[in-house]
K.L.:
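Okay, here's the structure, questions in a sec.
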Number of protein chains: 2
Amino acid sequence: MNKNNLEIYLDADNCPVRNVLDRIGDKWSVLVILLLGDADTLRFNEIHKYIGTISQKMLTVTLKKLEADDLIHREVYPQIPPKVEYNLTERGQSLLPNLKNLVSWANDHMMEMKK
Amino acid sequence: MNKNNLEIYLDADNCPVRNVLDRIGDKWSVLVILLLGDADTLRFNEIHKYIGTISQKMLTVTLKKLEADDLIHREVYPQIPPKVEYNLTERGQSLLPNLKNLVSWANDHMMEMKK
DNA sequence: AATATTAATTACCTTAAGGTAAGTGTCTTA
DNA sequence: TAAGACACTTACCTTAAGGTAATTAATATT
């Protein structure tokens, strides 16, 4: 057994698995990142309409968390009615391939898993 | 914007992102998979000791879910006291690289993120 | 005047995740 | 005879995630 890997996974306070899942393991974060990865730039209501089933509250909460982690950038246009645009940061872009790999793994294997 | 990808991500009832996160997006699943990926075969109490902070209850719940999704295999030895060994299935093995990529992304980026 | 628009915010509620602590069965060992 | 090992199971409780619905500010449109 590889002690190095074990130490990395299990170092309780500094566990990368925990850190990453605590941030994007919620119901909506990954979806928003993938969406912005494809769409480049989207306004609040555009994301809201695309996802369809997300509540306004959870969309703002999700966007704020992603912004706090520097995964998305938020650009406010000082006009009325308000206009706010979102797009991925460099860090968000760097996460994208990992998520897309997960998606394609899911497409390959999820069908066979019974509900 | 790529309509194909969007349709894949957003198809509410059949969304691969949701499917995969619903199954391994919980607090312990990924950790257990990574552990079994390194250790090959582990008994219940070995996993319990390695992770340290997981409760017995959550370990059994986690293992049962992973087994139901055919991500880990459970081998019972009919002896007393009981002996049960766990290891990754082929499907679990196929997920492993994706998770390791996520871990290494986390190692590269999580330090910079403030708590 | 009244209504629509946009991106939130707030109060309230429900559900689910996960923790603690105790108990189970069967055998072995001190 | 009592305790220990092992892999759970059960009852109970707390916390957090996420949902609904109403409200906001400032302006343009009808």
Side-chain angles (χ1 to χ4, degrees), chain A residues 10 12-13 15 17-33 35-36 39 41-69 72-87 115, chain B residues 10 12-13 15 17-33 35-36 39 41-69 72-87 115:
Chain A
L10 298 176
D13 284 333
C15 169
V17 181
R18 279 269 55 76
N19 284 339
V20 82
L21 285 181
D22 283 350
R23 288 161 199 276
I24 61 166
D26 66 318
K27 192 169 177 184
W28 302 112
S29 292
V30 173
L31 207 47
V32 169
I33 293 171
L35 206 52
L36 288 174
T41 295
L42 288 175
R43 298 181 62 180
F44 183 92
N45 275 351
E46 290 177 316
I47 303 176
H48 192 226
K49 277 167 204 156
Y50 274 128
I51 300 189
T53 50
I54 193 174
S55 67
Q56 277 188 323
K57 174 195 164 183
M58 287 316 297
L59 183 51
T60 49
V61 168
T62 302
L63 291 170
K64 286 242 184 295
K65 277 202 300 184
L66 292 176
E67 191 201 359
D69 288 338
I72 66 174
H73 170 71
R74 175 184 141 98
E75 185 78 31
V76 182
Y77 296 85
Q79 59 187 46
I80 283 169
K83 174 178 172 182
V84 183
E85 285 186 345
Y86 296 91
N87 61 288
K115 296 270 173 182
Chain B
L10 298 176
D13 284 333
C15 170
V17 182
R18 278 269 57 74
N19 284 338
V20 82
L21 285 181
D22 284 351
R23 288 161 198 274
I24 60 165
D26 67 316
K27 192 169 178 184
W28 303 111
S29 292
V30 173
L31 208 46
V32 169
I33 293 171
L35 207 51
L36 288 175
T41 294
L42 288 176
R43 299 180 61 177
F44 183 90
N45 274 353
E46 290 177 318
I47 303 176
H48 192 225
K49 277 167 204 155
Y50 274 128
I51 300 189
T53 51
I54 193 174
S55 65
Q56 276 190 326
K57 174 195 165 185
M58 287 316 298
L59 183 51
T60 48
V61 168
T62 302
L63 291 170
K64 285 240 183 299
K65 277 202 301 182
L66 292 176
E67 191 199 1
D69 289 337
I72 66 173
H73 170 72
R74 178 183 139 97
E75 186 76 32
V76 183
Y77 296 85
Q79 57 187 47
I80 283 174
K83 173 177 172 182
V84 182
E85 285 186 344
Y86 296 91
N87 60 289
K115 296 270 170 184

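Letters go in sequence order (proteins before strands), and every chain restarts at 1.
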K.L.:
Round to a whole Å and report the spacing from NE2 of B:His48 to C1' of C:dG18.
P.N.:
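Answer to the nearest Å: 13 Å.
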K.L.:
Tell me: CD of B:Glu67 to C1' of D:dC8, nearest whole Å?
P.N.:
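Taking CD of B:Glu67 and C1' of D:dC8, I get 13 Å after rounding.
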K.L.:
Roughly, in whole Å, what's the span from NZ in A:Lys65 to C1' in D:dA16?
P.N.:
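Answer to the nearest Å: 11 Å.
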K.L.:
Determine whether A:Lys65 and A:Asp26 make a side-chain contact, defined as any pair of heavy atoms from C-beta on separated by less than 4.5 Å.
P.N.:
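Yes. Closest side-chain heavy atoms under 4.5 Å.
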K.L.:
What is the separation between atom CD1 on A:Ile47 and atom P on C:dA8, rounded to the nearest whole Å?
P.N.:
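About 9 Å, once rounded to whole Å.
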K.L.:
Indicate every side-chain donor-acceptor pair of residues 79-86 of chain B with a distance under 3.5 Å to a residue at least two apart or in another chain.
P.N.:
residue: B:Glu85; atom: OE1; partner: B:Tyr77; partner atom: OH; Å: 3.0
residue: B:Tyr86; atom: OH; partner: B:Arg74; partner atom: NH1; Å: 3.1

K.L.:
Does any non-hydrogen side-chain atom of B:Gln56 lie less than 4.5 Å from one of B:His48?
P.N.:
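In short, these two side chains touch, coming nearer than 4.5 Å.
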K.L.:
Using a cut-off of strictly less than 4.0 Å, decide whether A:Arg43 has a side-chain nitrogen or oxygen near OP1 or OP2 of C:dA7.
P.N.:
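Answer yes for this pair, as a side-chain N or O of A:Arg43 is under 4.0 Å from OP1 or OP2.
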K.L.:
Would you give a per-nucleotide map of nucleotides 20-30 of chain D, 5' to 3', where B means the base has a protein non-hydrogen atom under 4.0 Å away, S means only the sugar-phosphate does, and - means neither?
P.N.:
B-----BS---
K.L.:
Please report the distance, rounded to the nearest Å, between CZ in B:Phe44 and P in D:dA5.
P.N.:
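My rounded result for the distance is 15 Å.
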K.L.:
Tell me which pairs pass salt bridge (Lys or Arg N to Asp or Glu O under 4.0 Å) where either residue lies in residues 42-61 of chain A, with sequence neighbours left out.
P.N.:
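Output for this query is empty, none listed.
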K.L.:
Between B:Asp26 (CG) and C:dT15 (P), how many Å, whole number?
P.N.:
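Checked: the CG to P distance equals 22 Å.
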K.L.:
Categorize B:Tyr86 for me: base, sugar-phosphate, or nothing, with a 4.0 angstrom heavy-atom threshold over every strand shown.
P.N.:
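If one applies the 4.0 Å heavy-atom cut-off, B:Tyr86 turns out to touch the sugar-phosphate alone, with no base involved.
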K.L.:
Measure CD/B:Glu46 against P/D:dA5 and give the value in whole Å, please.
P.N.:
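For the pair B:Glu46 CD and D:dA5 P, the rounded distance is 15 Å.
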K.L.:
Report yes if some heavy atom in the side chain of B:Arg23 is under 4.5 Å from a heavy atom in the side chain of B:Val20; otherwise report no.
P.N.:
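Not in contact.
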K.L.:
Restricting to non-hydrogen atoms, name the atom on A:Ile51 and the atom on A:Leu31 that form the minimum distance, rounded to 0.1 Å.
P.N.:
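Distance-wise, the nearest heavy atoms are CG2-CD2, 4.2 Å.
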K.L.:
Provide, to the nearest angstrom, the distance between the CG atom belonging to A:Leu21 and the C1' atom belonging to D:dA17.
P.N.:
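Atom CG in A:Leu21 sits about 16 Å away from atom C1' in D:dA17.
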K.L.:
Just N and O in the side chain of B:Lys83: are any of them under 4.0 Å from OP1 or OP2 of D:dA5?
P.N.:
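No, because none of the side-chain N or O atoms of B:Lys83 sits under 4.0 Å from OP1 or OP2 of D:dA5.
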K.L.:
Could you check whether any side-chain heavy atom of B:Ile47 comes within less than 4.5 Å of a side-chain heavy atom of B:Leu63, counting everything from C-beta outward?
P.N.:
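Counting from C-beta outward, B:Ile47 and B:Leu63 do come under 4.5 Å.
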K.L.:
Between B:Lys49 and B:Lys64, just flag the one whose closest nucleotide in DNA chain D comes earlier from the 5' side.
P.N.:
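Looking at the nearest nucleotide for each, B:Lys49 comes out on the 5' side.
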K.L.:
Counting only side-chain N and O atoms of B:Asn45, is one of them less than 4.0 Å from OP1 or OP2 of D:dA5?
P.N.:
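No.
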